[in-house]
2 protein chains.
Amino acid sequence: MDQVAAAAGVSRATVSRVINNAASVAPGIRDAVQRAITQTGYVPNVAARSLVTRRSNSVALVISEPDRPDDHSFLNRIFTDPYFGRVTAGATGALRPHDVHLVVVPTDSADHHQVVRYLRQGHVDGVLLISSSEHDPLPAQVHALGIPAVLSARPSGPLPVSYVDVDQRLGARLAAEHLLTRGCGRLATISGPLDIPAGAERLDGFRAAAGTTVPTEIGDFTRVGGEAAAHRLLDEHPDLDGLFVASDLMAEGALRALQDRGRRVPDDVAVVGFDDSSAALECRPPLTTVRQPVEEMAAEMAQLLIAHIDTPGRSPRSVIFQPTLVRRESA
Amino acid sequence: MDQVAAAAGVSRATVSRVINNAASVAPGIRDAVQRAITQTGYVPNVAARSLVTRRSNSVALVISEPDRPDDHSFLNRIFTDPYFGRVTAGATGALRPHDVHLVVVPTDSADHHQVVRYLRQGHVDGVLLISSSEHDPLPAQVHALGIPAVLSARPSGPLPVSYVDVDQRLGARLAAEHLLTRGCGRLATISGPLDIPAGAERLDGFRAAAGTTVPTEIGDFTRVGGEAAAHRLLDEHPDLDGLFVASDLMAEGALRALQDRGRRVPDDVAVVGFDDSSAALECRPPLTTVRQPVEEMAAEMAQLLIAHIDTPGRSPRSVIFQPTLVRRESA
DNA sequence: TTGTAAGCGTTATCAC
DNA sequence: GTGATAACGCTTACAA
């Protein structure tokens, strides 16, 4: 920086002003400095800068998952899950224009304290927190840290924190109504884990529209979980003709189970998924599903976070997206 | 930090020593400082630290993709591709014990300079560079920067840089031999783009074992691309009975095409994929495929990078993994 | 509009 | 073994 200042014949302060294009710099000087910068190939040192500005220009994407027993491939599951992929894509895209970078921090409860320490150290200016479990203490911990944060769903306790969510119940109702309209008379559903709000709410919404007694099996939001749940459902209720599965991934598994048992979809059993992830298109037949605009939601989270970072006292708010039904061939 | 020093009745220097557990500190003092630290809830400021140590304790995972025309969802494709997911998982896992974090930086050629600027600013200590295209200038640019880097494949030019790769030709040969052994007499293949070394090498290896005249269609490593290529192949060679597809994703598409045309797999046509990604298990029938230990490879990349960061002059080396054939039902 | 100078919170080099 | 003290490279009052 001193080099640049010397080359341009000005002080370091002025160079700094040019770099941060501060209001008052004489056009002539500004050009001279710019030239000097390109000439010397000067690049500001971010550590020095953030030491004084207290900004790192990066945010963390914390993906917090509860420990599930027999889960030896936590990282793998996270990073190959299309849902998280869409979140990452949406957030990255929204952050890029602000020149803010994303640090991806997966965590299970075993190393929550590591994450907290990381955040406290000031590595990042804020947190995008993806937490599904209702009992996850991390949202509260992060909030207690006082670091700007945005959640991917309504916090389970009353936490004054911004969040983005989709109207889960409405989505489930859309699915129920579609199956009903289609003429299905014996509905059933495969839900997500009930300790995950999204799981419970979708089941709730479906039952509100389809009847509180619809046969239900609980899945785990994975493909194989969906397949197993479908088999259990078919064992108990071989005559079902309409199935709502609370995620596309599970629906893909369910489709497999149905096929294995010789049920034609949608002729014998109509199936509706949830998410509209890429999995929905990979299914045979392509899945009718409740679309959740995940990328847009993640982008909104990023926007909110930036806003919170830029204006510290900003009051938290929630943005709820409306799901829509995407009709394809499975129902 | 001054607080801690005061509370422990020592100097800041000693506190620093305790934190970085330097050799010489009297046990008594050390404990006192530790107590003071927990008491005051002190957390070191990373910016200040990296300003002097010139280390950020984070590395970038740069995913460089060539621009493909009509590609409006670059980010989405990247982040939902199971291959990149596995890479991220493997790298994250290997970095974690070193307390090094991962900044994910996707880039197409439009913003290479942004990436270069980012790297020059010293945000990260090193780069894990995933670059598939042969003509990608980024590896050379990164190398010119002098920042530690590890590539995910042999650089196209002679660049003194460490890289990790799988023996692509061997993998393709494994596939060919399996099909041949199985008794297939009319082989064909769907390759990846030939400007991507992995694409060219797999084709090469397959032809070396199966004959240089095997019918070939070029895909683009996507599901739909594989499906289209399979249709073209079947149009031209309706009698083929053995198919090597250069990625599982494309194989999934090919399986679909075969099904649509009433070909049974593996009875009418045996299919072998490449990668052993999660897609291989989602296929119907499950895919026989050439396994690439992507997570391990990514972990190795991370290890190499850490080594290069820790010992600056370290000479570059390459680590080549052996692929293996995973037999499932499609061949 | 520009320059001077005082930090920002660490680590590292010395003496002691 | 421990404590001053000088960097590290930048931003930002405050003065001019």
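All heavy atoms count here, side chains included; hydrogens, waters and symmetry mates do not. Throughout, protein chains are lettered first and strands after them, A, B, ... in sequence-line order, and every chain is numbered starting at 1.
One atom, CE of B/M1, and another, C1' of D/dG3, lie 12 Å apart when rounded to the nearest Å. With rounding to whole Å, A/Y42 atom OH is found 10 Å from D/dT11 atom C1'. To the nearest angstrom, C1' of D/dA4 lies 9 Å from CZ of B/R12. Protein atom CG of B/D2 is 13 Å distant from nucleotide atom P of C/dT11, rounded to whole Å. The nearest whole Å value for the distance from the CG atom in A/N45 to the P atom in C/dT10 is 17 Å. We find that CZ of A/R54 is positioned 12 Å from C1' of C/dT10, with the value rounded to whole Å. Rounded to whole angstrom, the span from the CG atom of B/N57 across to the P atom of C/dT11 amounts to 12 Å.
Here B/V15 lies out of heavy-atom contact (under 4.0 Å) with every strand. Using a 4.0 Å heavy-atom criterion, one finds that A/S16 contacts the bases of the nucleic acid, with or without backbone contacts as well. Note on A/I19: nothing from the nucleic acid sits closer than 4.0 angstrom, heavy atoms only. Among the heavy atoms of the strands, none lies under 4.0 Å from B/V46.
In summary, A/D99 and B/R117 engage in a salt bridge, as defined by a charged side-chain N under 4.0 Å from a carboxylate O. Using a 4.0 Å cut-off between a side-chain N of Lys or Arg and a carboxylate O of Asp or Glu, B/R55 and B/D310 qualify as a salt bridge. Taking the charged nitrogens against the carboxylate oxygens, A/R154 and A/D165 have no contact shorter than 4.0 Å, which rules out a salt bridge. A salt bridge links B/D111 with A/R96; the closest basic N to acidic carboxylate O contact falls under 4.0 Å.
You'll find a donor-acceptor pair under 3.5 Å spanning the side chain of A/R17 and the base of C/dG3, going by distance alone.
Between D/dG3, C/dC8, C/dT4, one nucleotide has an atom nearer to the side chain of A/L51 than all others, and that is C/dC8. Closest to the side chain of B/A26, from the set C/dG9, D/dG1, C/dT2, is D/dG1. Distances were taken from every side-chain heavy atom of B/V52 (C-beta onward) to each of C/dT2, D/dG9, D/dC8; the shortest belongs to D/dC8. Here the nucleotide nearest the side chain of A/N20, chosen from C/dA12, D/dT11, D/dG9, is D/dT11.
Side-chain nitrogen and oxygen atoms of A/T14 include at least one within less than 4.0 Å of the OP1 or OP2 phosphate oxygen of C/dG3. Between C/dG9 and B/R49, no contact under 4.0 Å exists linking OP1 or OP2 to a side-chain N or O. Phosphate proximity of D/dT11 to A/R55: absent, as no side-chain N or O sits under 4.0 Å from OP1 or OP2.
A/H123 and B/H101 have tilted rings, their planes meeting at an angle from 30° to 60° on a 0 to 90° scale.
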